[in-house]
Structure formats: structure tokens, C-alpha cells
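Here's the structure, in C-alpha cells; my notes come after.
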Amino acid sequence: MTSAAGAPGAVPDGAGFDRAWSSLLPVGRAPTGGYHRLAWSDADLGCREWFRQQADAHGLTLDEDHNGNQWAWWGEPGPDAVVTGSHLDSVPGGGAFDGPLGVVSAFLAVAALQAAGVAPGRPVAVVNFSDEEGGRFGLACLGSRLMAGEVDPDTALARTDPDGVTLSEARSRAGFGDRRPGPDPDRLGRIGIFVELHIEQGRRLAVDGVPVGVATAVWPHGRWRLDFRGEGNHAGTTAVADRHDPVLPLAHAVLAAREAAATGDALATIGRVEAHPGATNAIASRATAWLDARAPLPEGVRAAVGRVEDAARAAAGREGVALTVAEESWSGGAEFRPELRAALAAVVEGRLGKVAQLPTGAGHDAAVLAASVPTAMLFVRNPTGISHDPAEHATRADCLAGVDALVAVLASLCR
Ligand code: GLV
Ligand code: MN
Ligand code: MN
């Protein structure tokens with residue numbers, strides 16, 4: 001890859017960014033603030049429609065695969081393609097930037113290259129990967145992992161959301177029921193390189209004082225479900241000695257997750273819990289906690305999960321509560337190719353003057369693709385580091401710097 005600091009006239013169009021960004025902002029706003037764009041929901045379908053309109057507006061050819069991923073091709077879909085994009089779904093009550101910034105920037109970057117009269121020497125595509133967050137069915141990066149053959153389609157289709165709706169039903173309701181998900185080696189084989197731009201989900205770039213960074217690695221991470229089964233009873237009449245309260249061992253699991261994280265070797269979080277039947281004046285009969293664990297190496301993740309499970313089992317034993325633990329999702333993480341990230345860093349530095357290189361504990365489709373194709377990521381500064389929350393934010397100037405960097409990278413790659 002050569003420096004593209006001189007990509008002729010290919011500057012991001014600030015007004016174009018504002019238009020694209022503001023056209024997506026109303027889609028899937030949560031009444032409580034932030035965004036609720038869960039896979040195959042009406043909000044997600046609204047995002048997909050927005051993608052189609054953007055593809056059309058930029059003269060790109062729309063192509064929607066059987067895993068729900070959307071592709072917009074500049075030129076014929078073909079081999080050795082330069083692909084850029086991210087995802088449009090969100091976590092429940094998420095922010096506006098996680099995912100959409102990469103898709104909006106991808107369209108803007110293509111538009112900048114088109115406006116500069118660049119004739120790409122290889123196919124270029126913008127992608128919206130389906131269900132990256134796993135916010136509804138619990139399987140992270142589902143669209144890219146199905147494409148890569150990493151998830152069994154039947155297992156995925158049988159997954160249920162919190163209302164008991166299966167993925168299969170949700171896809172049917174969305175008019176997608178006749179497309180069977182599964183491995184897509186031909187499509188994967190067409191990707192010559194994938195570059196995902198994403199808001200940083202931490203404060204490293206803010207601390208370093210640089211608007212754009214290049215990813216070195218994505219940590220491995222996974223999700224576990226802990227089901228505690230006790231005995232429901234009256235809160236006002238049941239003596240402590242007679243209780244089998246499933247919420248107590250659940251509380252020990254929460255504390256153990258924090259202790260595992262406090263070692264500094266891993267991060268472990270319980271961010272979702274349910275107690276059944278959920279009455280203030282009743283001891284719950286069962287309770288469920290979902291554990292998210294991440295670390296630089298898989299062994300670190302396993303060690304953290306082991307600590308939480310041990311603590312939960314010990315407490316469950318003391319309370320006479322049964323515990324089952326199931327791994328719901330596993331993402332192996334990725335170390336991006338050093339020569340590719342060095343090349344990207346040189347291009348970004350040539351364009352913006354400075355760049356940082358950093359790993360991330362957040363999950364990305366880029367990490368899934370990295371197992372099969374050359375892959376890289378650009379991060380855009382997040383002043384507070386807050387993410388997966390309505391307060392997630394990047395300044396307009398930094399978003400434009402991100403588009404600028406992506407333009408330079410694409411110009412260099414598609415020569
Ligand atoms: C997705 O953003 C994740 O890190 O889980
Ligand atoms: Mn996310
Ligand atoms: Mn994301």
C-alpha cells in the first residue's frame with residue numbers, strides 16, 4: 001500500500017456528512033434516550049431501508065445476502081474487493097455512533113472518491129453487517145459469523161429473544177423467512193481486504209490527543225448464562241433458615257465478576273439479570289444472570305469465568321440452589337496483521353499528521369473477518385470513552401477526520 005496523502009481532491013464533504021448522519025438519527029430512537037435498534041426489529045428494518053436509500057443515492061448496487069448482511073457495490077461485485085463498513089444495529093438503549101459511524105463514513109468516503117474522479121482498480125463495497133451486537137438473540141457478530149461458518153444456522157435460528165420470539169420467527173416477520181442463513185464462502189472469498197471504521201469505545205485517543213487511531217487487536221470475549229433455580233416463597237413469612245433464594249448466589253456472581261476484573265487481567269461484567277416471577281414481596285423461584293468476559297488472551301477470559309462460576313457454585317451450594325452455566329457466545333478475537341496496520345498508520349499519518357495504534361476490548365465484525373481476509377480497523381476519538389450508552393459521542397470534527405482518513409486509506413487500497 002502506498003501513501004494516499006495525495007488522493008486528489010478527495011476531501012470529506014461536511015454537509016454531506018450532516019445530511020447522511022441526520023437522516024439516520026431518527027431511526028430507532030428509544031423513548032428512554034439513546035437507540036434501540038435490535039436485530040430484525042422495526043428499527044433495524046428502518047436502518048436497512050436507510051442503507052438501501054444510501055446505496056441508491058450513491059449509485060451503488062445493492063446486494064443483500066442470506067445472512068441479512070447488506071452490501072452496496074461500486075462497480076461489479078467481484079474478487080479482491082475493498083470492503084468497508086460496520087453495523088447499524090445497537091445494544092438495548094445504546095448510542096448513536098457504535099456501528100453507524102462506520103457505515104455513514106463508508107458511504108461518505110466512497111462519495112468523496114467518486115467526486116474526485118477516482119476510478120477504482122478493484123471492486124469497492126460498503127457493508128452493513130447484520131446483528132453485530134447480539135442485543136436481541138445473544139449471539140455476537142451473528143451476520144459475519146454465519147457468513148464465515150462459525151455459527152450453526154439451526155442453533156442461531158432457534159435462539160429466543162426476551163419475549164420468547166425465535167430468530168427464525170423474527171426473520172419471517174421481517175419478510176426474510178425464505179432465506180436460509182449459513183456459510184457463504186463465495187462472498188467471503190470476494191473480499192480482498194476489509195477496513196472497518198468505528199468510534200473508539202474507550203479514552204485512549206482522547207488521552208493521546210489524536211483524532212484517529214489504528215487497531216492492533218480485538219480481545220477474545222464471550223457471554224455466559226447462569227441459571228439459578230431455588231424455591232419461591234413468601235417474603236414476609238419464610239424464615240431465613242428455610243429459604244432457597246436464587247438471587248443470593250446471583251449476587252455472589254456479580255461480586256466475583258468485579259473481583260475477577262479487579263485483578264487487571266480480564267474484564268468481567270454482569271449487566272443483565274432477571275428474577276422470576278419478579279414480585280417485591282416474594283422470594284424468587286429462579287434467577288438468571290448473563291456474564292460478559294474479555295481479556296487479551298483466551299486463557300484470561302476462561303480464568304475470569306472460572307472464578308465467577310466457582311463463587312456462584314459455592315454460594316448456590318450454601319443456599320440449596322441449583323446452578324447451570326452455559327456458554328452462549330464466543331468470539332476468538334484477532335491480532336491484526338502488523339504490516340497492514342503499519343501501512344494504514346502511515347497513510348493516516350500522512351493525511352492527519354498523527355495517529356495512534358491501540359487494541360480494544362470491544363467486539364467487531366472485523367475480528368471475525370480477520371481469520372480469513374486481510375482486515376484492519378480505524379478508530380475515531382471518543383472524548384469521554386462512554387459507549388453502549390446514550391451518552392456515546394464523537395465530535396463532528398473528529399468524525400470528519402475519520403472520513404478523511406478512510407478516504408485516504410481507500411484511495412490507496414483501490415489503486
Ligand atoms: C460489541 O460492541 C461488544 O463489544 O460486545
Ligand atoms: Mn457495540
Ligand atoms: Mn460496534
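Both counts, for ligands and for their atoms, begin at 1 and track the order of listing. Sequence positions, counted from 1, serve as the residue numbers for this chain.
- Under the 6.0 Å distance and 45° angle rule, Arg294 does not count as a cation-pi partner of Trp219.
- With Arg159 contributing its side chain and Phe137 its backbone, the two residues share a donor-acceptor pair below 3.5 Å.
- None of Phe51, Trp74, Phe17 except one satisfies the ring pair (Phe, Tyr, Trp, His ring centres under 6.0 Å) rule with Phe107; the exception is Phe51.
- Put simply, the residue from Asp98, Val380, Leu101 that forms a side chain to side chain contact (heavy atoms under 4.5 Å, CB included) with His198 is Asp98.
- Between the side chain of Glu392 and the main chain of Asp389, no donor-acceptor pair closer than 3.5 Å is present.
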N/O contact list for ligand 1, threshold under 3.5 Å:
from, atom 1, to, atom 2, distance (Å)
ligand 1, 2 (O), Glu133, OE1, 3.1
ligand 1, 2 (O), His388, NE2, 3.1
ligand 1, 4 (O), Arg294, NH1, 2.8
ligand 1, 4 (O), Arg294, NH2, 3.2
ligand 1, 4 (O), Gly363, N, 2.6
ligand 1, 5 (O), Arg294, NH2, 2.7

*Step by step, work out the salt bridge (charged side-chain N to carboxylate O under 4.0 Å, His left out) result for Arg204 and Glu200.*
CA-CA 8 Å; Arg204 171 67 196 280; Glu200 191 198 348; over 6 Å; no

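- In summary, the aromatic rings of Phe97 and Trp21 are positioned with their centroids under 6.0 Å apart.
- Sorted by chain and number, the protein atoms of type N, O or S within less than 2.8 Å of the Mn ion (ligand 3) are His87 NE2, Asp98 OD1, His198 NE2.
- A donor-acceptor pair under 3.5 Å links the side-chain atoms of Thr384 to the main chain of Ile386, judged by distance alone.
- Counting all heavy atoms, side chain and backbone alike, Val27 lies closest to Gly46 at CG1-C, 3.7 Å.
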